[in-house]
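Residue indices begin at 1 and follow the sequence shown. Just the heavy atoms: all of them, side chains too, but no hydrogens, waters or symmetry mates, feed the values below.
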Amino acid sequence: MPQAGQAAWRAADLRTSDWMIPVGAEDLAELEQALTALGGRAPQSAAEAPLPHLGAVLRGAATRLDTGRGFVLLRGLTLERLGEALAEPLLAALGAHLGRPLPGPGGAVQRQASAAGGALRWRFHADAADIVALLVLRQPPDVDPAMLVAAATVHNEMMKRDRAALELLYRPMPHATPTGTVIDLPVFSTASGAFVGRYARDSIDAAQRVPETPRLTGPQMQALDLLDSLCAEPGLALRMDVRPGDVLLFNPLQVWKRRAESLAESMAESLPPDPVPPTPEAAGGSEVAAVAEPPPATPPPPATGPAKREALRLLLLTESSRALPEGLLALVGAPDSPDAIMVGG
């Protein structure tokens, strides 16, 4: 049945005030005080980074991620004032008031940059988490804006165009996990009575490079290609001109973010399978716009490469998590514990 409510939004119907939350001077002062008390380290809990006013703003944002449009943008955090050295503990402090961080290589906060140039293929992508928090560090003016699309709206458009293809996306498909195993998960499902959409084409493609994985059928491939094309249709996806200091919060089970795959990454899909499939979440949220390199001098200068967006990413689980289809926990890579089975939002 069609999905309804605020989560089924179209970019053409939104105003900036629908998704932007200004961060005021009082909020910034609270954050500075908390970071100073922490001495440059990341807090382990919300109690270690008290934010009396901003914490309430974050709790309101979390509600909008769970039951509203699924995303917000916090604007007003000036990295020039706080200093980039505090960017990681800053994001961790905000995250402590939103949920429990998921571990990653080198820590929970991950530094990301856009792809390294060349031909690009754009795809929308969802991480295995309840909340994705992105703190923008650099945003060159010639780099494409961030783009988000509502999973519920894409679902409804597919229902209008091809119900048989939509039905295939409710059935499990092989997905590669960070550990190299393959599990079966649907793109669309329900959890605790709520609609869930989690699309990770890179994870599906990686599973197909594992020899023992059953091959996707022609209709399944066509359904995935239709999904890709619908995500890119004009009027559906929201273009967001982000700035350094902006914090984008979104629920990846309701809202998908666009990422760029480089030509080398695309060509790798046609090569023989790797001994261990690549981590499906490793490149989420990366985008690029190529710029010309300077003319060579004598002696030649080091290559400068294209302009890049740089950001910090934090994946979070929340208390409002809903039990999702069996196997999603493996994509998160979280430990097997009684409270870890609740992954979703």
Side-chain angles (χ1 to χ4, degrees), residues 1-10 19 61-73 95 98-102 123-134 146-159 166 169-173 175 177-178 183-204 224 227-228 230-231 236-238 248-259 280-281 284-285 313-334 339-345:
M1 61 183 297
Q3 301 303 314
Q6 290 188 346
W9 53 263
R10 291 171 174 268
W19 47 266
T63 299
R64 292 166 68 170
L65 302 188
D66 189 37
T67 60
R69 293 184 177 88
F71 73 102
V72 298
L73 183 79
L98 292 167
R100 175 164 54 91
L102 285 167
R123 279 179 172 168
F124 284 82
H125 171 86
D127 291 296
D130 292 323
I131 295 175
V132 178
L134 291 174
M147 294 190 71
L148 304 176
V149 71
T153 302
V154 176
H155 171 280
N156 292 347
E157 286 298 313
M158 181 166 277
M159 178 175 286
L166 179 62
L169 298 183
Y170 271 93
R171 300 175 185 173
M173 292 185 182
H175 288 64
T177 74
I183 58 175
D184 291 332
L185 288 170
V187 173
F188 295 122
S189 60
T190 59
S192 304
F195 169 78
V196 170
R198 185 185 183 278
Y199 184 43
R201 183 72 182 263
D202 52 356
S203 179
I204 296 172
L224 294 172
L227 190 64
D228 285 334
L230 289 174
C231 287
L236 263 65
L238 176 68
L248 175 61
L249 305 172
F250 63 98
N251 177 348
L253 304 176
Q254 301 289 343
V255 174
W256 301 338
K257 185 179 181 295
R258 189 179 70 164
R259 64 177 287 253
E281 307 300 333
R313 185 187 70 167
L314 178 64
L315 303 182
L316 298 161
L317 300 183
T318 68
E319 292 182 358
S320 60
S321 292
R322 302 183 178 96
L324 291 186
E326 184 179 357
L328 184 64
L329 186 61
L331 291 181
V332 179
D339 60 345
I341 62 172
M342 304 297 282
V343 183

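Using a 4.5 Å cut-off on side-chain heavy atoms (C-beta onward), Leu224 and Met173 make contact. Counting only heavy atoms from C-beta outward, the side chains of Val132 and Lys257 never approach each other to under 4.5 Å. Side-chain contact between Leu148 and Arg258 is absent, with no heavy-atom pair separated by less than 4.5 Å. Taking the side chain as every heavy atom from C-beta outward, Phe195 and Leu253 never approach each other to under 4.5 Å. In this structure, the side chains of Val255 and Val149 stay at 4.5 Å or more apart for every pair of heavy atoms. At a threshold of 4.5 Å between non-hydrogen side-chain atoms, the residues Val72 and Phe250 do not count as touching.
Closest approach of Cys231 and Ala237 over heavy atoms only: O-CB, 3.9 Å. Considering all non-hydrogen atoms of both residues, Ala126 and Pro252 come closest at CB-O, 3.2 Å. Here the closest heavy-atom approach between residue Leu236 and residue Leu230 is recorded as CD2-O, 3.4 Å. Closest approach of Ser189 to Pro186, counting heavy atoms only: CB-CG, 3.9 Å. Among all heavy-atom pairs drawn from Leu98 and Ala62, the shortest one is CD2-CB, 4.0 Å. Closest approach of Phe188 to Ala151, counting heavy atoms only: CE2-O, 4.0 Å.
The ring-ring contact (aromatic ring centres under 6.0 Å, His included) search around Tyr199 returns Trp256, not counting sequence neighbours. When the side chain to side chain contact (heavy atoms under 4.5 Å, CB included) test is applied to Ala7, the partners found at least two apart in sequence or on another chain are Gln254. Taking the side chain to side chain contact (heavy atoms under 4.5 Å, CB included) definition, one finds that Pro2 meets it with Asn156, Met159, sequence neighbours left out.
Atom CZ of residue Phe124 and atom CG of residue Asp228 lie 9.5 Å apart, to the nearest 0.5 angstrom. If you take CG on Leu102 and CG on Leu317, they are separated by 4.0 Å, rounding to the nearest 0.5 Å. Taking NE2 of His175 as the reference point, atom CG of Asp184 lies at 9.0 Å (rounded to 0.5 Å). To the nearest 0.5 Å, atoms CG (Leu249) and CG (Asn251) are separated by 11.0 Å. Atom OG1 of Thr67 and atom CD of Gln6 lie 7.5 Å apart (nearest 0.5 Å). Separating the CH2 atom in Trp9 from the CZ atom in Arg69 is a distance of 9.5 Å, to the nearest 0.5 Å.
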* **Full working for side chain to side chain contact (heavy atoms under 4.5 Å, CB included) between Asp202 and His125** => CA-CA 8 Å; Asp202 52 356; His125 171 86; 3.4 Å; yes

* Please test Met147 against Leu238 for side chain to side chain contact (heavy atoms under 4.5 Å, CB included), starting from the C-alpha separation and ending with a verdict. => CA-CA 5 Å; Met147 294 190 71; Leu238 176 68; over 6 Å; no

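Between Arg198 and Asp127 there is no salt bridge, since no side-chain nitrogen of the basic residue lies less than 4.0 Å from a carboxylate oxygen of the acidic one.
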